[in-house]
Enquirer: 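Would you mind keeping the following structure in view while I ask a few things?
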Amino acid sequence: MEIYLDANATTPVLAEARTAALAAMAEDYGNPSSVHGTGLKARALMDAVRAQARRAIGAADGQVLFVSGATEGIQTAVLSAMTALRERSASGAGAAATVLYGATEHKAVPEAIRHWNHLLRLGLQVLEIPVDHRGRHDLDWLRAHAPGAGLVCTMAVNNETGVISDLPGIAQALRGSRAFWMVDGVQALGKLDLRLHELAVDYATFSGHKLYAPKGIGLLYVRQGAPVTPLLAGGGQEDALRSGTENMPGIAALGAVLSALASGQVFQPAHTLVHYRERLAQALRDAFPDIVFNAPADVSVPTTLNFSVPGLSSRLLLDLFDAAEIRVSGGSACSAAKAQPSHVLEAMGLPAWQAAAAVRLSFGPATPASVIEAACERIRACGESVRANCLGASPAGDGPVPRLTRFVADAACSYVVADPAGGRCVVVDPRPDLNETLAQWIRCRGLELAAVLATHARTEVASAAAALRAALAPAWSATEALGWPVGVESIALGDQCLSRLPLPGLPREAAAYVLRDERQRCWAFVGDMAPAATSDRGARAERDAAAAALQALQALHASVGGGGALLLPADDPDERFASTLADGFGPALAQPSAAADAGEAVDPVALSPSAVVVLLETRSDLVLVDVREPYEQRLGQTLEIGGGARRWAVPLSGLVEALPDLLALPAQTPVLVFCRSGNRSARAAAALRRLGRQRAYSVSGGLALWPAAASAVQRPSQPALPTQAA
Ligand code: PLP
């Protein structure tokens with residue numbers, strides 16, 4: 001069962017709200033502008049919900065308009081204030097110089113300010129109000145800048161941290177200023193006792209979907225006498241301040257939520273929410289003992305926890321929680337797709353790693369205690385998985401030690417070859433930004449560092465190698481250039497053997513190493529010789545480099561006894577993972593695809609749910625490959641269908657080790673790769689295709705869509721794949 005702890009992004013729709021919305025669609029479906037009975041009923045409902053909204057936000061007078069959500073409310077407020085400022089200036093009643101907004105504001109606010117400032121050609125200077133380390137506005141700064149300001153925008157509660165703004169303090173700082181004041185109240189509705197009329201707020205905006213109403217309904221409060229410029233002109237609804245037929249199902253649903261809020265029956269009281277937060281925070285501390293919480297609890301709503309864990313990226317934590325079926329988000333949901341540091345935490349002056357690694361856990365005030373308890377249990381299981389897999393600062397893991405692991409940072413690759421039984425390992429091409437991870441990985445698994453090798457004499461690799469040796473094996477015996485131990489022919493690592501390749505085409509400052517195992521599988525660490533496809537096909541230097549590489553590779557070909565070696569690069573910008581001598585190296589040497597030239601239909605890599613179901617049901621020889629990392633596999637769901645299909649656990653970090661076996665499967669055997677979201681599996685399947693395994697596929701959308709996707713599939717009468725052999 002999924003545990004949804006991302007309420008600051010959105011909430012499910014309350015049962016009462018669903019019922020009310022359905023009634024507004026099926027029975028009371030009137031248009032509130034119609035003057036007949038059906039319309040009048042709709043108008044009465046709308047008026048009642050408006051009155052409830054007034055009570056919920058403490059707006060005894062002024063306008064409360066129904067809008068589509070906070071983003072629209074923000075536009076209207078900013079447009080209204082800026083239009084009034086323009087008129088004020090044109091009439092000679094004084095020109096404002098600045099617009100001020102909180103440094104931790106949701107993107108909707110600064111973007112709206114810039115947009116309208118530009119469109120209205122106001123040329124106002126837009127300034128961020130700094131916040132302190134607790135995330136609260138610098139009131140002295142605000143007081144100093146208030147006299148020149150035309151508009152001030154401050155949120156009531158921050159969506160990433162839950163930090164509550166000091167609205168009375170801001171009101172004080174703005175006293176005497178002619179600036180309009182807009183409050184983004186999105187994350188405060190239902191969580192704070194809002195008394196807008198006591199605060200001289202000119203505009204306040206809210207979104208229903210953050211408090212159990214559906215998406216598409218929101219509120220804009222406008223203080224009595226504050227100017228309004230409609231964003232939408234038309235039929236004159238909402239006193240001609242917001243035209244367009246009202247979203248009655250949304251309004252009815254919002255009404256049901258506001259009734260539930262007023263009744264005190266559905267939403268948990270504040271002390272219960274505080275207790276929930278304590279339970280969750282304790283579970284997080286148990287799971288990740290060195291966790292840091294990024295916002296002070298005493299000035300935050302209890303429903304948001306924002307934290308970072310040293311050594312664990314937010315991406316990793318999100319994958320981990322998602323595998324445990326706990327839905328949380330990294331930073332704010334809007335920036336979740338980009339792994340950028342949170343601007344909110346940066347504004348609070350948190351260290352860069354903390355701002356980049358932040359995770360937000362947020363629950364709605366209607367969450368039952370049983371969900372919190374289940375979440376705590378799963379969070380602790382996440383901690384066990386992290387420890388078992390040597391992540392973060394875990395002292396000792398009990399998971400199996402993989403024999404060949406690839407680490408990547410910004411397309412630069414490092415490798416660890418390990419002998420699990422003998423407890424030794426060799427690192428190839430360490431990198432400064434991976435060193436900490438590598439050291440932790442090796443230390444936690446209790447491995448002795450036998451050598452640190454480089455395939456090239458780059459300074460950053462040399463310094464990373466020295467640092468790694470110093471961290472893991474301070475007493476180090478002599479090495480030749482590039483880290484090879486003096487007087488040693490080959491390095492034995494249990495069943496694997498690592499040797500240097502004599503490659504005449506290579507310059508002296510480069511080296512290549514061959515790894516063979518007991519099954520004669522063969523990998524070669526070839527550094528810069530590996531293909532790095534770039535778009536600059538014609539570059540002469542590139543052609544020359546490729547030709548030199550080819551010469552070295554031909555020697556390699558001879559030394560590994562044929563084309564069977566997988567070449568592992570030092571840099572992998574195109575995520576090829578490996579290449580073979582048959583690949584045709586680099587753009588200068590690459591052969592165009594014959595199939596693409598002939599205009600043949602290309603077999604897609606990412607399969608839709610229906611194609612996946614067909615594959616699972618029709619191909620008994622199918623191999624299912626789970627490329628999630630072991631810490632996810634330990635916790636996670638798997639593809640629940642596929643009966644007798646062979647299942648291989650091949651984390652992406654261990655893909656290079658499994659490649660020889662995957663490539664050795666019979667040509668007709670389909671390989672279906674899956675992961676959490678479909679991204680990693682698509683990359684792995686594409687790499688398999690490049691290496692010649694044409695029947696490599698990924699599950700589009702990943703496990704996130706299963707098993708719902710499977711049950712929704714209409715079985716086609718024809719197989720969706722071009723199957724040549726059943
Ligand atoms: N303001 C805050 C504080 C928010 O959290 C959000 C949504 O995440 C918005 C504004 C924008 O709301 P909507 O996307 O519903 O218009």
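Residue numbers count from 1 along this sequence.
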Enquirer: Within this structure, what is the OG1-NZ distance for the pair Thr11 and Lys210, rounded to the nearest 0.5 Å?
Expert: 8.5 Å

Enquirer: Side chain to side chain contact (heavy atoms under 4.5 Å, CB included), that's the test. Do Met1 and Glu325 meet it? Break it down for me.
Expert: CA-CA 7 Å; Met1 185 202 65; Glu325 294 204 65; over 6 Å; no

Enquirer: Return yes if a side-chain donor-acceptor contact under 3.5 Å exists between Gln282 and Arg285, otherwise no.
Expert: yes

Enquirer: If we only count heavy atoms from C-beta on, is the Ser385 to Glu629 side-chain gap below 4.5 Å?
Expert: no

Enquirer: Grab the two heavy atoms, one from Thr304 and one from Glu160, that are nearest each other, plus how far apart they are.
Expert: CG2-O, 3.6 Å

Enquirer: Are the side chains of Thr580 and Leu567 in contact, using a 4.5 Å heavy-atom criterion?
Expert: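 Leu567 does not reach Thr580 side chain to side chain.
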
Enquirer: Any donor and acceptor pair, going by atom type alone, linking the side chain of Gln268 with main-chain N or O of Thr367 inside 3.5 Å?
Expert: yes

Enquirer: Ion pair present between Asp6 and Arg327, side-chain N to carboxylate O less than 4.0 angstrom?
Expert: no

Enquirer: Look up atom CG in Leu280 and atom CG in Leu5, then write down how far apart they are to the nearest 0.5 Å.
Expert: 6.5 Å

Enquirer: Start with the C-alpha distance between Leu663 and Leu566, add both sets of side-chain angles, then the distance that settles side chain to side chain contact (heavy atoms under 4.5 Å, CB included), and finish with yes or no.
Expert: CA-CA 10 Å; Leu663 297 174; Leu566 280 172; 4.0 Å; yes

Enquirer: Output all residues satisfying ring-ring contact (aromatic ring centres under 6.0 Å, His included) with Phe321, sequence neighbours left out; order by chain, then residue number.
Expert: none

Enquirer: Would a 4.5 Å heavy-atom cut-off, applied to side chains only, mark Leu305 and Phe293 as touching?
Expert: yes

Enquirer: Donor-acceptor pair, distance only, cut-off 3.5 Å: does the side chain of Gln187 make one with the backbone of Gly162?
Expert: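 A pair under 3.5 Å: no.
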
Enquirer: Tell me, please, which residues at least two apart from Cys390 pass disulfide bond (SG atoms under 2.5 Å apart).
Expert: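 With neighbours one apart ignored, the set is Cys444.
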
Enquirer: Answer yes or no: is there a donor N or O on one side and an acceptor on the other, between the side chain of Ser698 and the main chain of Gly678, under 3.5 Å?
Expert: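 It does not hold such a pair.
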
Enquirer: For the residue pair Cys425 and Leu449, establish whether any side-chain heavy-atom pair is separated by less than 4.5 Å.
Expert: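 In contact.
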
Enquirer: Carefully, step by step, assess Val309 and Asp290 under the rule side chain to side chain contact (heavy atoms under 4.5 Å, CB included).
Expert: CA-CA 6 Å; Val309 182; Asp290 45 359; 4.0 Å; yes

Enquirer: Could you report the tightest heavy-atom contact between Tyr212 and Ala366, atom names first, then the distance?
Expert: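 Scanning both residues completely, I find the closest heavy atoms to be OH-N, 3.0 Å.
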
Enquirer: Does Leu655 reach the side chain of Leu662, with side-chain heavy atoms less than 4.5 Å apart?
Expert: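 Of all side-chain heavy-atom pairs linking Leu662 with Leu655, at least one is under 4.5 Å.
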
Enquirer: Ring of Phe674, cation from Arg628 - is the NZ or CZ under 6.0 Å from the centre and inside 45° of the axis?
Expert: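 Geometry flag: not set, cation outside 6.0 Å or 45°.
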
Enquirer: As an exercise, state the distance from CG of Leu672 to CZ of Arg646, rounded to the nearest 0.5 Å.
Expert: 13.0 Å

Enquirer: Which heavy atom in Pro365 sits nearest to a heavy atom in Lys191, and how many Å separate them?
Expert: CD-CE, 4.5 Å

Enquirer: Please confirm whether the backbone N or O of His209 pairs with a side-chain atom of Ser207, one donor and one acceptor, at under 3.5 Å?
Expert: no

Enquirer: Answer yes or no: is there a side-chain heavy-atom contact under 4.5 Å between Arg378 and Ile3?
Expert: yes

Enquirer: Is any side-chain N of the basic residue among Arg458 and Asp429 closer than 4.0 Å to the acidic one's carboxylate O?
Expert: no

Enquirer: Is the shortest heavy-atom distance from the side chain of Asp495 to the side chain of Asp419 under 4.5 Å?
Expert: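 In short, these two side chains do not touch, never coming nearer than 4.5 Å.
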
Enquirer: Between Asp574 and Arg690, does a salt bridge (Lys or Arg N to Asp or Glu O under 4.0 Å) hold up when you go through it step by step?
Expert: CA-CA 11 Å; Asp574 304 313; Arg690 282 204 200 97; over 6 Å; no

Enquirer: Under a 4.0 Å threshold between the charged nitrogen and the carboxylate oxygen, would Arg406 count as salt-bridged to Asp572?
Expert: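 Result for this pair is yes, salt bridge flagged.
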
Enquirer: Minimum heavy-atom separation for Ile379 to Leu284, with atom names?
Expert: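 Looking at all heavy atoms of both residues, the shortest contact is CG2-CD2, 3.7 Å.
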
Enquirer: Roughly how far, to the nearest 0.5 Å, is the CG atom of Asn306 from the OG1 atom of Thr161?
Expert: 6.5 Å

Enquirer: Would you say the side-chain atoms of Arg521 pair up with the backbone N or O of Pro660, donor to acceptor, closer than 3.5 Å?
Expert: no

Enquirer: Can you measure from CZ (Arg431) to SG (Cys413) and round to the nearest 0.5 angstrom?
Expert: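 Here the interatomic distance stands at 7.0 Å.
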
Enquirer: For Gly654, does its backbone N or O pair with a side-chain atom of Thr405 as donor and acceptor, under 3.5 Å?
Expert: no

Enquirer: Minimum heavy-atom separation for Pro296 to Ser300, with atom names?
Expert: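 The pair with the smallest heavy-atom distance is O-OG, 2.6 Å.
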
Enquirer: Without swapping roles, check the side chain of Asp517 against the backbone of Gln520 for a donor-acceptor pair under 3.5 Å.
Expert: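 Pair found, side chain donor or acceptor close to backbone of Gln520.
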
Enquirer: Determine, using ring centers only, whether Tyr415 and Trp523 are less than 6.0 Å apart.
Expert: no

Enquirer: When you check the gap from the basic side-chain N to the acidic O, do Arg647 and Asp626 get nearer than 4.0 Å?
Expert: no

Enquirer: Please walk me through it: do Glu377 and Arg380 pass side chain to side chain contact (heavy atoms under 4.5 Å, CB included)?
Expert: CA-CA 5 Å; Glu377 209 171 292; Arg380 290 192 175 94; 5.8 Å; no

Enquirer: If I compare all heavy atoms of Ala358 with all of Ser308, which pair ends up nearest, and what's the gap?
Expert: CA-OG, 3.5 Å

Enquirer: Taking the side chain from Tyr513 and the backbone from Val428, do they hold a donor-acceptor pair closer than 3.5 Å?
Expert: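 The answer is no, because no donor-acceptor pair under 3.5 Å joins these two groups.
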
Enquirer: Indicate yes or no for a side-chain donor-acceptor contact from Asn435 to the backbone of Ala464 under 3.5 Å, with no hydrogens or angles considered.
Expert: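 The answer is yes, because a donor-acceptor pair under 3.5 Å joins these two groups.
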
Enquirer: Report the distance from atom CG of Leu607 to atom OH of Tyr697, rounding to the nearest 0.5 Å.
Expert: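 The OH atom of Tyr697 is 7.0 Å from CG of Leu607, to the nearest 0.5 Å.
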
Enquirer: Between Arg689 (side chain only) and Gln694 (backbone N and O only), is there a donor and an acceptor less than 3.5 Å apart?
Expert: yes

Enquirer: Can you find a pair of side-chain heavy atoms, one from Leu350 and one from Asn294, that are under 4.5 Å apart?
Expert: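 Answer yes - side chains close enough.
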
